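Have a look at the structure below, then the notes.
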There are 2 protein chains.
Amino acid sequence: MDANLPPGGRLADFLPYQLSVTSNAVSSLIAERYRVRFGLKIPEWRVMAVLGDAGTMTQRALTDATLMDKVAVNRACKVLEDRGLIARRPNTDDGRSHLLELTAEGRAIHGEVMPLAREIEAEIFSTLGETECEQFRELLSRVFRQAGRMRPATRS
Amino acid sequence: MDANLPPGGRLADFLPYQLSVTSNAVSSLIAERYRVRFGLKIPEWRVMAVLGDAGTMTQRALTDATLMDKVAVNRACKVLEDRGLIARRPNTDDGRSHLLELTAEGRAIHGEVMPLAREIEAEIFSTLGETECEQFRELLSRVFRQAGRMRPATRS
DNA sequence: TCGATACGGTTTCTAATGCAACCAATGGTG
DNA sequence: CACCATTGGTTGCATTAGAAACCGTATCGA
């Protein structure tokens, strides 16, 4: 990051900028790999990851679990449903929502997708040692909470 | 981040995901503050930051310095020019490009903008100590370089 | 000098993202 | 039971980001 910037460039020292470009680089890298291999976009992949892990949930629960917008979740679910990777069942407890779960095919994909995810993760963070990874996690978590604390009171 | 996720949620342990949501939270926080106070969007702010620091450069140099797309730079410059914050001079060395620099008004805004940037940065990362901040920077930098190394050879 | 190629910048088009309005169902209150 | 506020989900719309096509200038080699 420093290499392609003129010396004395203050923008490059701005932490939110470093955070942004790094996240961007990592995200687009992963997005590309998922796209070529499974035809999945990141929101779709996130939904599958959570469903494969938790079993059955509503869209509402998915928005909580993925921290994505509810329309992003809705669209991802629609795509996955059209591809036959997830199925909707009526929710007897609440007629407004449906219960979503992976189909057999969905579970099969999930079984392939998750190892790839771990693989990519391991490759990207291979430059960090074990303890550094944990520390990175910890720092991110704290920054995230702090940002949440600073947000001007908007909760849907 | 852990609080609003069901226990055993594997997505929440996925480092790229943590990186993404954290970056997102920080970015939207900053974007909001700049919007209400200066009517500047992040790309515009970045251009101003670099110009205020480096003095005079072409759009091409700006894309290198900000790591933004060249059309993003172009649009940001157009907006800033319309607002009278930057000016274009013909480039005698190369007729294709222009030399961009802050106007007097632009420098005035820049003088207000940068302290606010540092202020927000300090607030967000106040949860991290001095050495932790430096370490966070270092880790981000390494991850960024690693992501660059893994990218499948596409450079415009 | 001429031609081909590359490059900076601009415009245009299309995909993605987010927001707000909207519909249907629920739950509480009188 | 009627009313109303709330919630899950959906749709439509506006804004944004990115890709590709395009134009004029520069550069390099014959």
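Naming convention: chains lettered A, B, ... in sequence-line order (proteins, then strands); numbering from 1 in each chain. Owing to the predicted nature of the structure, the values given are computational and were not obtained by experimental measurement.
When the nearest nucleotides of DNA chain C are assigned to A:Thr92 and A:Asp69 by heavy-atom distance, the more 5′-ward of the two goes with A:Asp69. Taking the nucleotide of DNA chain C with the nearest heavy atom to each of B:Gln59 and A:Lys70, the more 5' of the two is matched to B:Gln59. If you find the closest nucleotide of DNA chain D to A:Asn24 and to A:Val71, the one lying nearer the 5' end belongs to A:Val71.
Between D:dT16 and B:Lys41, a contact under 4.0 Å exists linking OP1 or OP2 to a side-chain N or O.
Remark: B:Glu44 does not engage B:Arg83 in a salt bridge, criterion side-chain N to carboxylate O under 4.0 Å. We find that A:Glu119 and A:Arg33 are not joined by a salt bridge, their nearest charged nitrogen and carboxylate oxygen being 4.0 Å or further apart.
Side-chain atoms of A:Arg145 and A:Ser141 form a donor-acceptor pair, as typed in the model, at a separation below 3.5 Å.
Summarising the geometry, the separation between CE on B:Met57 and P on C:dG8 is reported as 13 Å, rounded to the nearest angstrom. In this structure, the CG atom of A:Leu62 is 13 Å from the C1' atom of D:dG9, given to the nearest Å. Nucleotide C:dG18 holds its P atom 16 Å from the CZ atom of B:Arg35, rounded to whole Å. Between the CZ atom of A:Arg75 and the C1' atom of D:dG8 there is a distance of 16 Å, rounded to whole Å. One atom, CD1 of B:Ile42, and another, P of D:dT15, lie 19 Å apart when rounded to the nearest Å. Protein atom CG of A:Asp94 is 19 Å distant from nucleotide atom P of C:dC23, rounded to whole Å. One can place CZ of A:Arg88 at 10 Å from C1' of D:dT10, the figure rounded to the nearest angstrom. For the pair A:Asp93 CG and D:dT7 P, the computed distance is 18 Å after rounding to whole Å.
Comparing D:dT11, D:dA19, C:dG9 by their nearest atom to the side chain of B:Thr58 picks out C:dG9.
Taking the salt bridge (charged side-chain N to carboxylate O under 4.0 Å, His left out) definition, one finds that A:Arg88 meets it with A:Glu81, sequence neighbours left out.
At a cut-off of 3.5 angstrom, counting only N and O atoms as typed in the model, there is no donor on one side facing an acceptor on the other between the side-chain of A:Arg96 and the base of C:dT26.
Between B:Val143 and B:Gln146, every side-chain heavy-atom pair lies at or beyond the 4.5 Å cut-off.
Among the atoms of the strands shown, base atoms are found under 4.0 Å from some heavy atom of A:Asn74.
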